[in-house]
Amino acid sequence: MPQLDYQTAGESHGPAGIATVTGMPAGVLVDEDFINAELRRRQGGYGRGGRQRIETDRIEILSGVRLGKTIGAPVTMLVRNKDSRLDDLQRTPPVTRPRPGHADLAGSIKWLTTDCRETLERASARETAARTAACALGNCLLRELGIESFGFTRQIGEVATGAIVSPENRAELRSLRDQSDTYCPDPGATERQRDVIRRAKIEKDTAGGILECHIFDCPPGVGSSMDWRTKLDARIAYAVMSIQAFKAVEIGLGVACADRPGSQVHDPIAFDPSQRNTPSLGFVRPSNNAGGTEGGMTNGMPIVVRGTMKPISTLLRGLPSVNLESLQPEDSQYERSDVCAVSAAGVVMEHVVAFEVARAILDKFGGDSLTELRSNYERYLEAARKLAPKS
Ligand code: EPS
């Protein structure tokens, strides 16, 4: 059975984005309403540009699904672009003044051209529509096992929420997040984040931020310390860093680990027999600085990931650049863009992280069908519970 994996294809102004997910076992409910709702959420967030008024992203399933469930064959999904004009030279003219921070300059040199158009079409975050669809399908697998993801905006510009996320308050925070147009579970911070974006817009500038994702109810031992490629934290970091405009990834306490002695970083271990039937199997921790992973494996605590997105590199006011045809200094070219896409990136990140967990779950438990996967999963939990003393 091939490893769970996905690929995406499609240019920003091409006809469609295509997502192909391979290695999904048969029998997984493909919750189209859930996937489409997440695609809608990805289109939203305060600070998005005109493109989102044109598009209505939704999946069309082309293969691998029968009667609403996977059949074990590759699942192909298509997200159509209404704004499709790749071959229209009037509406997608050459771009010869690269935007600092974008793929424009490196790509035009790489593909040996002075026109950055094809690079920007390839590199565009429009690809994240298809990627969200692919990864939300991976999330459907997690949902079958009772594993839940929760992603939100931690910070936009300098405005961060101090919200503390826990298994107990996740439903309340999810509802607060869904009422916020910056996807931040904190009404006060939402208002100030809107101000940051409003100010950036007035100044013809852009805003970045920090996204956070928690994965709840994943059992211990998922991922592996045996090979660097199978370490779950490393896989998650790779996947998150690959999202357009991301510049940093942290797990748990992340970079703040450096400021503290070991005694204030490592999460003490205790055993509580009453928690034996929870994902922690009873091994409870008063803190979760490790962000749910130790040695590249889950430890039963929620997985906590943060990603930093830089401000979008397309500025209405331009930035100092060079015209690739004349090699003379000129400001970068403006292409229709977003002032801030941090909130949307949080949706992408949530599902990208969930997909990596789903992949690691399938690596460990395998199975051609959900029934087989479930039975392997439950047998493991049963054996692991036997390690703890009987209460
Ligand atoms: C993007 C530029 C903008 C964004 C786009 C990413 O596209 P356009 O130039 O078509 O307005 O809106 O993101 C999306 C289209 C999307 O669906 O997220 C870029 O340069 O990366």
Side-chain angles (χ1 to χ4, degrees), residues 1-9 19-25 28 70 72 74-75 123 127-128 130-142 144-145 147 149 151 211-255 257 266 279 288-308 345 348-368 372-373 376-377 380-381 384:
M1 176 109 168
Q3 198 186 40
L4 183 69
D5 211 346
Y6 68 93
Q7 280 201 349
T8 56
T20 306
V21 180
T22 50
M24 274 293 264
V28 175
T70 55
V75 178
E127 181 264 344
T128 62
R131 193 162 3 163
T132 300
C135 293
L137 179 63
N139 212 341
C140 288
L141 178 84
L142 293 189
E144 296 275 15
L145 300 173
I147 299 170
S149 66
L211 294 318
E212 195 166 304
C213 173
H214 294 236
I215 304 282
F216 295 104
D217 300 330
C218 183
V222 175
S224 178
S225 54
M226 289 298 100
D227 182 306
W228 65 271
R229 284 159 295 203
T230 56
K231 292 183 181 217
L232 181 58
D233 49 357
R235 299 299 301 235
I236 289 172
Y238 184 176
V240 170
M241 190 61 110
S242 78
I243 304 170
Q244 286 80 345
F246 275 56
K247 293 303 270 185
V249 188
E250 294 176 83
I251 311 275
L253 198 55
V255 295
C257 281
H266 303 299
N288 186 19
N289 293 332
T293 70
E294 288 167 314
M297 298 169 283
T298 53
N299 63 6
M301 293 294 282
I303 302 169
V304 182
V305 185
R306 265 185 310 283
T308 299
V348 182
M349 189 179 117
E350 174 175 346
H351 295 291
V352 157
V353 172
F355 193 95
E356 292 308 317
V357 177
R359 190 203 310 260
I361 293 255
L362 271 174
D363 284 350
K364 176 158 175 55
F365 302 106
D368 290 304
E372 191 182 354
L373 170 67
N376 296 343
Y377 185 77
Y380 165 72
L381 289 183

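Just so you know, these numbers come straight off a predicted model, no measurement behind them. All residue numbers refer to positions in the sequence shown, counting from 1.
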Identify the heavy atoms of [X] and [Y] that sit nearest to each other, and give their distance.
X: G307; Y: V240; value: CA-CG1, 4.3 Å
X: V352; Y: A239; value: CG1-CB, 3.4 Å
X: M241; Y: V249; value: N-CG2, 3.8 Å
X: L141; Y: P25; value: CD1-CG, 3.9 Å
X: M297; Y: S225; value: CE-OG, 3.7 Å
X: I147; Y: I215; value: CG2-CG2, 3.5 Å

For [X], enumerate each residue passing the side chain to side chain contact (heavy atoms under 4.5 Å, CB included) test, keeping only those at least two apart in sequence or located in another chain.
X: P220; value: L281
X: Q7; value: none
X: S224; value: M226, T230
X: N289; value: L253, R260, D267, S287

Start with the C-alpha distance between L211 and V348, add both sets of side-chain angles, then the distance that settles side-chain contact (heavy atoms from CB on, under 4.5 Å), and finish with yes or no. CA-CA 10 Å; L211 294 318; V348 182; over 6 Å; no

To the nearest 0.5 Å, what is the distance between [atom1] on [X] and [atom2] on [Y]?
X: N376; Y: K364; atom1: CG; atom2: NZ; answer: 10.0 Å
X: N288; Y: M301; atom1: CG; atom2: CE; answer: 4.0 Å
X: R359; Y: D5; atom1: CZ; atom2: CG; answer: 4.5 Å
X: L137; Y: L142; atom1: CG; atom2: CG; answer: 10.5 Å
X: L232; Y: C218; atom1: CG; atom2: SG; answer: 7.5 Å
X: L4; Y: I361; atom1: CG; atom2: CD1; answer: 11.0 Å

Considering only heavy atoms from C-beta outward, does the side chain of T70 approach that of V21 to under 4.5 Å?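 No, too far: nothing below the 4.5 Å cut-off.
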
Side chain proximity check, V75 to Y6, heavy atoms < 4.5 angstrom: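 Sidechains of Y6 and V75: no contact.
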
Residues that D363 engages under side chain to side chain donor-acceptor pair (under 3.5 Å), provided they are two or more places apart: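 Counting only residues at least two positions away or on another chain, D363 forms a side chain to side chain donor-acceptor pair (under 3.5 Å) with Q3.
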
Who pairs with Y377 by ring pair (Phe, Tyr, Trp, His ring centres under 6.0 Å), at least two apart in sequence or on another chain?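 By the ring pair (Phe, Tyr, Trp, His ring centres under 6.0 Å) rule, Y377 matches F365.
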
Qualifying side chain to side chain donor-acceptor pair (under 3.5 Å) pairs, either residue in residues 233-251, two or more places apart: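 Pairs touching residues 233-251 that pass the test: E127-Q244, R131-S242, R131-Q244.
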
For residues 132-141, pull every pair meeting side chain to side chain donor-acceptor pair (under 3.5 Å), keeping only residues two or more places apart or in separate chains.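 Residue pairs passing side chain to side chain donor-acceptor pair (under 3.5 Å), neighbours aside: N139-S149, N139-H351.
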
Under 3.5 Å donor-acceptor, T298 side chain and T293 backbone: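 Absent.
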
Say whether, by atom type as modelled, one donor and one acceptor occur between the side chain of R306 and the main chain of G252 under 3.5 angstrom.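 Here the side-chain-to-backbone pair exists.
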
Pairs flagged by salt bridge (Lys or Arg N to Asp or Glu O under 4.0 Å) wherever residues 295-304 is involved - sequence neighbours left out: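 Those involving residues 295-304 do not exist here.
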
